[in-house]
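Heads up: the structure comes next, in structure tokens.
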There are 2 protein chains.
Amino acid sequence: MAEPQDRAVRRRAGRPPRALLGTDKITRAALKLVELEGYRGLTMAALARRLNVAPSALYNHVRSKQDVLLLVEEDLMGRVEVSGFATDPWPDAVRAWAWSYRNVFARHAPLIPVIAVLPVTDAPRTLMMYEAVTTGFARAGWPEDQIVDAIVALESFIFGSALDVGAPADIFDTGTLAAQTPSFTAAVRRRAAAAQDNGAPGAAESDRAFALGLEALLAGLSAGLAPGSAGAPG
Amino acid sequence: MAEPQDRAVRRRAGRPPRALLGTDKITRAALKLVELEGYRGLTMAALARRLNVAPSALYNHVRSKQDVLLLVEEDLMGRVEVSGFATDPWPDAVRAWAWSYRNVFARHAPLIPVIAVLPVTDAPRTLMMYEAVTTGFARAGWPEDQIVDAIVALESFIFGSALDVGAPADIFDTGTLAAQTPSFTAAVRRRAAAAQDNGAPGAAESDRAFALGLEALLAGLSAGLAPGSAGAPG
DNA sequence: ACCTGAACACCGTTCAAGT
DNA sequence: ACCTGAACACCGTTCAAGT
């Protein structure tokens, strides 16, 4: 583990005999850093420190911090479960995919606004995920021109739900305004009670909301394959 | 519009005869700044410049920049359409609410990760929105212990969809990897063609995905009110 | 209580100099 | 090509001094 060249002994300037960095090393260091200190701790300076180089050295391998985030995102996409789309019934495959997708990014919430608008061009793992999902939809008989919309709709729900996992347990505490919001306050109380009845303590609530929405989406998408059912107001 | 005291003429230190700031003025200035320069332009320094004060003066009214974001969020929540819940059939009320909610926050995407985990305590407009939605659900016959989960599921979809609105038109361009992702590449092409057939140019695609998902959720939620239909794997 | 102005401890990024 | 080290133009936030 300990490099022969420790950074306590400082390296002199100039190109080293063999490159010290590379996108894979940067990716692994970034992931480790996020695991240890969260996204607040992911700074170019901290990343460089972990890799025993000067911050400016990173810019020989990435064009910006945004590039580092893309490297991390690509790695995470490879962890999303898509194997079911080749073999399982459509609802089962989507369920496994959706739960793993949400769980992977729940721990990487700050990445979500980035991914949601990120072009897939030159992101091979991300593309392979979409390819697997698409073939699964086609195999289940989805019309080709609706597949991407359906994936985007499911993904939107997954991203939003991944953010919800990070919500504090008391997010819906109505506090001093409880008297002005009687229906909502009562519903919140009932929800907490229902979530506790089934055993688990805190994360149970976002799991239940995710399950409810996912099953509704699955049922609605299955039922609504007939053309021209939806229209957009405003 | 022009204050008698212009900042070209500088103010001397010390408490002014009447307070120059206030949370409402800060909120309005922040919204204007975001409208003009986006969230990248929303810095404490820029905000102070707009208000003709020193940056440090802001800290007499907010504890942090995060506080400023919360002020903005509260203002935006007041713009979400909830009037339908008092009068309209449940699906119509949810539709109007969901579309307006998505449209408001599509232009404030950087706020979404903040809102998603933000306690509602002491956020009166946000709470009033939840109260209106909850009464609408109760009126439609929803069991009280499932209402909050259903709202959270819908909100998750809305937040994710609001992020999707900001995606570039070519987000699914498979580029040099098109040959390795034939199914997905074909589906993307078909989607673009279908979206153009109906008239509109670019935003049409996220609108279609949102409509598809929302209608599926509405149908699935309506159908799935029977207990114990969903279960969570892994 | 509520302002100014100076200061602090960071950021991400650029670039000349070195091998 | 790929590193170091110095420098730049910012950040958000704190705090003494002033009225």
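Chain identifiers are assigned alphabetically (A, B, ...) following the order of the sequence lines, protein sequences preceding nucleic acid strands; residue numbering begins at 1 within each chain. What you see is a predicted model; the values in this text were computed from it and never measured.
- Atom CZ in R49(A) sits about 11 Å away from atom C1' in dC10(C), given to the nearest Å.
- Going from atom CG of L20(B) over to atom P of dC2(C) covers 10 Å, rounded to whole Å.
- For the pair R40(B) CZ and dC11(C) C1', the interatomic distance rounds to 15 Å; values are reported in whole Å.
- Salt bridge status for D149(A) with R190(B): absent, with no side-chain N to carboxylate O gap under 4.0 Å.
- Relative orientation of the W97(B) and Y101(B) rings is tilted, given thresholds of 30° and 60° on the angle between their planes.
- The pairing partner recorded for dA1(C) is dT19(D), the criterion being a Watson-Crick or G-U wobble arrangement whose two distances lie under 3.5 angstrom.
- A cation-pi arrangement, defined by a distance under 6.0 Å to the six-membered ring centre and an angle within 45 degrees of its axis, is absent between R191(A) and F172(A).
- Of all nucleotides present, only dC8(C) satisfies the Watson-Crick or G-U wobble test against dG12(D), with each distance under 3.5 Å.
- In this structure, L51(A) atom CG and dT4(D) atom P are separated by 11 Å, rounded to whole Å.
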Generate the contact string for nucleotides 12-19 of chain C. Rules: B means base contact, S means sugar-phosphate contact only, - means no protein heavy atom under 4.0 Å. SBBB--BB
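- The main-chain N or O of R79(A) is never found under 3.5 Å from a side-chain atom of R125(A) such that the two would form a donor-acceptor pair.
- A salt bridge links K32(A) to E35(A): at least one charged side-chain nitrogen sits closer than 4.0 Å to a carboxylate oxygen.
- For dA1(D), neither phosphate oxygen OP1 nor OP2 lies less than 4.0 angstrom from any side-chain nitrogen or oxygen of H61(A).
- There is no side-chain donor-acceptor pair under 3.5 Å between T135(B) and S183(A).
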